[in-house]
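These notes concern the structure reproduced below.
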Amino acid sequence: MDFAFSEDQLSFRDAVRDLLTRECGASVVRDAWSNSDGRSGQVWDLLSEMGVLGILAPEVDGGMGMTMIDLVLLVEECGRVALPEPIIEHAVVCAPIIGGVVSESRTVTSFIGGSPFALYADSSEVALVERDRRLFTVERDALRLTPDVAVDGSRRISTLEWSDSDATEVGGPLEAAAAFDRGALGAAALLLGLSHRMLEMSVEYASERRQFGAPIGSFQAVKHHLANARIALEFARPLVTRAAYSLSVGDPDASVHVSMAKAQASDAAMLTSAHALQCHGAIGYSFEYDLHMWMKRAWALSSSWGDASLHRARVAKAVL
Amino acid sequence: MELAFSPSEEIFRQEVRAWFLENVPAKAMPSGDTREGFAAHIEWERRLFDARLAVVSWPEEFGGRDASLWEWIIFEEEYYGAGAPQRVTQNGIFLLAPSIFQFGTPEQQARFLPKMASGEETWCQGWSEPDAGSDLAAVSSKAVRDEAAGGWRLTGQKTWTTRGAFCTHLFGLFRTDPDAQRHHGLTYFLMPLDTPGITVRGFGRLDGDEGFAEVFFEDAFVPDDLVLGEVNSGWGVAMATAGSERGLTLRSPGRFTATADRLVALWREHADPSDTELRDAVTQAWIDAEAYRLQTLGVVTTLSKGGHAGPEASMVKIFWSELDVRLHELAMRILGPRAEVADSSWAKGWQFSLSGPIYAGTNEIQRNVVAERVLGLPRK
């Protein structure tokens, strides 16, 4: 028994964290709200150069042929900086099953069960789509997009239509179910990262902001809100790690483990964003302050890839 | 990362499981928090000890097996999974023993540990006082130096002493430096409860069992060799013990995963499956027990590699105690009006679970610890 990441996994995580801290500050996220494609610009290319986007891609496709346990911490880092990119769709869902993602540097999005929208379809080159529990790829030119405006302005969402004649089958029901599980786990990991950053922002703010002659973070009511968020994350993280491990080793219960992780991470993220906002007071409610960008991403992801209720129902089916 | 036990650990599990299958009493014993039940539980402890199962993680010379933390986790899973009796020796073997291992002299270890393991000597905790509960550093019971006799004379009162009326010994904190403030000038003493000058009065807990006691000290003499650690350094010794109480050793995941499994069985038997709100709440409690188990595996991994459990132990204490309440609350909901029957294990467990957020430092205090020492929020 050894429930810890390896030195290699942790140092890769640190390297990705350094890169993202340097290259993906809050201004990159803010720019993505108003730029043409809603994305990060060069950060995506830097992650690609580091190999992050191709970790799950087979080696014959230029990927690393590694598994979810090697990727999960890196996805969490993307959440920490609220990276505005289709990281789940591209690197977690599609990379293992669509050839050429890495070798041809094509951005892939997905439009599969559990997610009513495709993300960044406009700026992707190909989409993984699902029909009748089968997976297909469709080239960008053959997709008809119906865009919507998301609460999180960096999330460029649309529904997709295509003709069967333009779709190339890449998987059946098993692959479709596995792709959904990967997406749900990816969302859970992003939610952990987003939540930890929201908590950090709140601790920083509550330590500086003074009222009644003292930092508001010295008041027990504020302390307890933030402690509750920290506890929720403490008991979500091991479920996320275990689910990543189960996907990596092909555990027969991996789907249930993913559902436990996503349910817990969704709830923990909603709790954290609520407490973060409350502890910031009015400043957190203002558009100029960064917190709302993290909160809105957390709101979207807690419902995407199956919300807590859907995943609890999946666990109930297996356990009760 | 590797999430499986080794073959030798699985063999250990099989041995333990077989022993429990053979030996766990079929009929529930009377509560260990009554005089009669306590005696029955001590007999059970003796059987555990004879099978070298009372303190598996201790060194062999004191009655253990030198079991690893992983084997200890397995032991606890099997113990609670088998529905084995409550551990009335727990304040000794889980709370005091880690401090004796860390701070005790070889003589103290040889003198106290084997008899603690066998249940021959039973220990209660003398920390709380009428005016020092969550604010433990406010203890005012004092020990005055008696140089001629080579020891200390104790005066004052302890209270909320679990099973104090049935135990043979007490470990407690007393103020040895009258000029020192707060957590300075305290000393950690070990003593038999039949020491002249000590009076114990048992009283009822919430459930009516005589599980509480108050202990009065009137010039009770305790010799120097019963000081644990250094004089005036009792706070550090106590905090090492408190870490055990809040963290890993007292509340192993096996207890909560077993309760969650019993809750699921109760749901299957009695609940209306169309009540999806109840179904989801039961599922969430089961997920939380699993989250607690996995979090513990992470902590044990850290400890096994030589790391330490820090203030994170406070998060653990908050989580298990509130999970225990939720698990029992849900059982009460499923049982509905039948929950009123007093001698059911759920009714008993529900009342006991309500003590979890209070003892071992109230959860309000623990949340302050999390905020200040884990998150780094300002104290003032």
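In what follows, every heavy atom counts, from backbone to side chain, and hydrogens, waters and symmetry copies are set aside. Bear in mind the structure is a predicted one, so any value in this text is a computation, not a measurement. Chain letters run A, B, ... following the sequence lines, proteins first and then strands; every chain starts at 1.
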Exercise. In terms of heavy-atom pairs under 4.5 Å with chain A, which of Thr276(B), Val370(B), Thr283(B) leads?
Worked result: Thr283(B)

Exercise. Hey, which of Arg268(B), Met315(B), Met1(B) has the most heavy atom pairs under 4.5 Å with chain A?
Worked result: Met1(B)

Are the side chain of [X] and the backbone of [Y] linked by a donor-acceptor contact shorter than 3.5 Å?
{"X": "Thr301(B)", "Y": "Phe3(A)", "value": "yes"}
{"X": "Lys223(A)", "Y": "Val369(B)", "value": "no"}
{"X": "Tyr245(A)", "Y": "Glu2(B)", "value": "no"}

Return the [atom1] to [atom2] distance between [X] and [Y], rounded to the nearest 0.5 Å.
{"X": "Arg367(B)", "Y": "Leu226(A)", "atom1": "CZ", "atom2": "CG", "answer": "12.0 Å"}
{"X": "Ile231(A)", "Y": "Ser314(B)", "atom1": "CD1", "atom2": "OG", "answer": "8.5 Å"}
{"X": "Asp251(A)", "Y": "Leu3(B)", "atom1": "CG", "atom2": "CG", "answer": "9.0 Å"}

Does [atom1] belonging to [X] count more than 12 external heavy atoms closer than 6.0 Å?
{"X": "Glu9(B)", "atom1": "CD", "answer": "yes"}
{"X": "Arg379(B)", "atom1": "CZ", "answer": "no"}
{"X": "Asp18(A)", "atom1": "CG", "answer": "yes"}

Exercise. Does the side-chain contact (heavy atoms from CB on, under 4.5 Å) test come out yes or no for Leu377(B) and Ser207(A), once each step is laid out?
Worked result: CA-CA 6 Å; Leu377(B) 283 163; Ser207(A) 301; 3.8 Å; yes

Exercise. Side chain, backbone, both or neither: which part of Arg279(B) has an atom under 4.5 Å from a heavy atom of chain A?
Worked result: both

Exercise. Is it the side chain or the backbone of Glu364(B) that comes within 4.5 Å of chain A heavy atoms, both, or neither?
Worked result: both

Exercise. Can you check side-chain contact (heavy atoms from CB on, under 4.5 Å) on Leu375(B) and Glu200(A), steps first, answer last?
Worked result: CA-CA 8 Å; Leu375(B) 294 176; Glu200(A) 272 172 22; over 6 Å; no

Exercise. What heavy-atom pair brings Asp280(B) and Arg312(A) nearest, and what distance separates the two atoms?
Worked result: O-CD, 3.5 Å

For this session: Identify the heavy atoms of Leu320(A) and Val282(B) that sit nearest to each other, and give their distance.
Result: CD2-CG1, 3.9 Å

Seminar exercise, completed: Most heavy-atom pairs under 4.5 Å with chain B, out of Asn228(A), Leu199(A), Val249(A), belong to Asn228(A)

Problem set entry | Options Met260(A), His224(A), Arg237(A), Gln264(A), ranked by heavy-atom pairs under 4.5 Å with chain B, top entry | His224(A)

Problem set entry | Contact class of Glu234(A) relative to chain B, heavy atoms under 4.5 angstrom | both

Problem set entry | Proximity breakdown for Ala261(A) and chain B, heavy-atom pairs closer than 4.5 Å | neither

Seminar exercise, completed: The residue among Val319(A), Val256(A), Val315(A) that forms side-chain contact (heavy atoms from CB on, under 4.5 Å) with Ile287(B) is Val315(A)

For this session: Only one of Leu239(A), Thr241(A), Val240(A) passes side-chain contact (heavy atoms from CB on, under 4.5 Å) with Leu294(B); say which it is.
Result: Leu239(A)

Exercise. Does a side-chain heavy-atom distance below 4.5 Å link Val300(B) with Met1(A)?
Worked result: no

Exercise. Where do Gln284(B) and Asp267(A) land on the side-chain contact (heavy atoms from CB on, under 4.5 Å) test, with the steps shown first?
Worked result: CA-CA 11 Å; Gln284(B) 184 57 47; Asp267(A) 284 351; 4.2 Å; yes

For this session: Determine, stepwise, if the pair Glu290(B) / Arg242(A) fulfils side-chain contact (heavy atoms from CB on, under 4.5 Å).
Result: CA-CA 11 Å; Glu290(B) 185 70 356; Arg242(A) 191 269 298 267; 3.0 Å; yes

